[in-house]
Amino acid sequence: MNGDVTTGVHAAWLPPEAFRALGSRRVLVQGAEAGAPAGTVHEEVARACAAYGGRVGRGPGGETGPYDLVLALTGAGSALPEPARAQARSARGTLGDEGFLLARRGGVTVVLADAPAGLLYGLFHVVRLGESAFGGEDGGDGKDGGDGKDDLPAAVHRPALRTRMLDHWDNLDVHPVMGQVERGYAGGSIFWRDGGPRGDLPRVRAYARLLAAVGINAVSVNNVNVHAAETRLLTERLGDVADLADAFRPYGIRLHLSVNFASPVVLGGLPTADPLDGDVRAWWGKAAARVYEAIPDFGGFVVKADSEGQPGPFTYGRSHADGANMLAEALAPFGGEVHWRAFVYDHTQDWRDRSTDRARAAYDHFAPLDGEFAANVVLQVKHGPMDFQTREPVSPVIAAMPATRLAVEFQVTQEYTGQQRHVCYLGPMWSEILGFQPWGGADDGRRTVAALVADPAAGGGLVAVSNVGDDPYWTGHPLAQANLYAFGRLAWAPHADPVALLDEWIDLTFVPLLSRDPAPLRRALHAMMDGSWRTYERYTAPLGVGFMVRPGHHYGPDVDGYEYTPWGTYHYADRDGVGVDRTRATGTGYTGQYPQPWSEVYESQERCPDELLLFFHHVPYGHVLHSGATVVQHIYDTHFAGADEAARTRSHWRELAGAGLVDAALHARVLERLDEQVRCAREWRDQVNAYFLRKSGVPDAHGRHIP
Ligand code: GCW
């Protein structure tokens, strides 16, 4: 296994070999003393040069050029050699906190940033470019004599989104039901064990490095379900949190904590946690001040309130704006932010009551509060109205709160998408969501979800639940690393092509280790991964209906598992048809939460996109889809096709065995998971098909065997 920073741990997309192009050059790092992330740039370059025979100068300490690569803060200005000096003069002050400029002039590659974090992102950009950062395989020797044939015009790179964050649902102790990491499929926590710190700070640092390389700038280190031990991270355990912050800081990542809304009661001994109570506000003010003494660059709080049993402002008859604003007031003097989650719904509903619709809940609770949140509150909204299902419409909350800073929440950890036992590359799903136009083309399509969260005035961002644990491959399934990679890159550049991002990931993770033609590996990985989300969709719950999983752990099929439970997750299949009527005309009225045109499109059985039909409508099995198939025949066809595709995915991987294209241990790990995926996909196919055959009595038009 190619380990790097910590031994025995897979290097993911930063194997030492990915630094070969940079490490064999003459590099000047200027301004490295200006802050932690810039010092990191020097360290990274020095390590690469030590490995690959290059040379690093730190200037202005008398080292002389010439240089192939200059990485500098624009403030270093006059101390820089040309052509960097001229570039720095014109770029200074235009690049922002995290942006960088990349140019190539006369055989010198120049990366400039106004601030240290930008320099770090510029460095990792050069790593991604490999030889092409130096003029490509031919002109890349820096000896073109300055004839300009490999020049690159100056290009400025800036993250589209201000907040690019990963939330960990890590517990300090092993929770009796949820384990060490809630919805974690990659072993234990890299932060916590046995009720305290895990004590492997090099591993945390290695994680921070991977995250910085894809542009992540914020991490929250404990579960949003804040149990007794985690509640104390805010006070007694603050030292442990500060140690983690120290490991993240060199990579430009600000640490956040999930806090318990009832902390003033639980920790402070106050009789109430009422957000309008003076003592409660004072308690939070002091708690925040203590946090900032220990961690001056602390990012802020993440809060799950009045949700699935967590305490919140409703207990005191207060609104979520009251709750969030109280915490915002405590953090504001220090520049901290509150990430307040919009995942608020009734999880004790009566399944007999068909008028209560969980999908409506976030909008019903939060849309009326638009404009009431403090400037340092970010409302964190799950991308769909339900709960990270394989297919959901985009949450209507995102279009309904123009006066609120919003962050959209994704789930990189594959709770509902195969739990890192199935190959399911989520880049294409996220890309569809980010490109969704809540007003259709009515505003020339300018306002996509990505544009809404990118709006600098709004200053929101993208957040995801991490899929990382203490597994040697980080993510359990080695190919699930691609999801973490793509999430970070999409948060930086939401319109990036997810298939191209897979190529980037392959180019960093696998290709640098190969001395042979990578084409067969690339082909196999694309065949396995490009369409894997749709494959997963085909063999699981059909047409957007969701939640046909085993209750509790959420793995594998159980068509009626959630049908008669209090969770609000129903499909209403009977002998005549299936789906949830969410129309205004005859259903729960949820379609009315969308602006035009979606409000009308979703309301209409004829216009509703096939893949969401059962999310919005209850239809007879004979209803004909746009595809021409009836609903029940579509269910049979997609389930046969999906399970076959899973089997083909495994064949592609098997063909790579012994070809020397991937490490043998990694090959074995993936193969073992593929065996399980193939088994589970068949189980899904047979249970779903048998269920609908028995309910509907409609035979498969192609006479295939359905048990
Ligand atoms: O999807 C559900 C999960 C819970 C999780 C919750 C949430 C942390 O099943 O495990 O709790 O969402 O997002 O808060």
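Indexing begins at 1, ligand by ligand and atom by atom, following the structure's order.
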- Hey, can you tell me if Y207 and H168 have their rings parallel, tilted or perpendicular (30° and 60° cut-offs)? perpendicular
- Who passes side chain to side chain contact (heavy atoms under 4.5 Å, CB included) against A321, sequence neighbours left out? S319, N325, L369, E372, F373
- Message: Consider ring pair (Phe, Tyr, Trp, His ring centres under 6.0 Å). Of Y570, W567, Y416, which one does F547 pass it with?
- Response: Y416
- Does R354 make a cation-pi contact with Y572 (under 6.0 Å, within 45 degrees of the axis)? yes
- Message: For ligand 1, give me the residues whose heavy-atom distance to it is below 4.0 Å, by chain and number please.
- Response: W169, E182, R183, N223, V224, N225, K304, E308, R341, F343, K382, D387, E415, Y416, H554
- Would Y602 and Q593 count as having a side-chain donor-acceptor pair, cut-off 3.5 Å? no
- Output yes when D471 and R669 qualify as a salt bridge under the 4.0 Å nitrogen-oxygen rule, no when they do not. yes
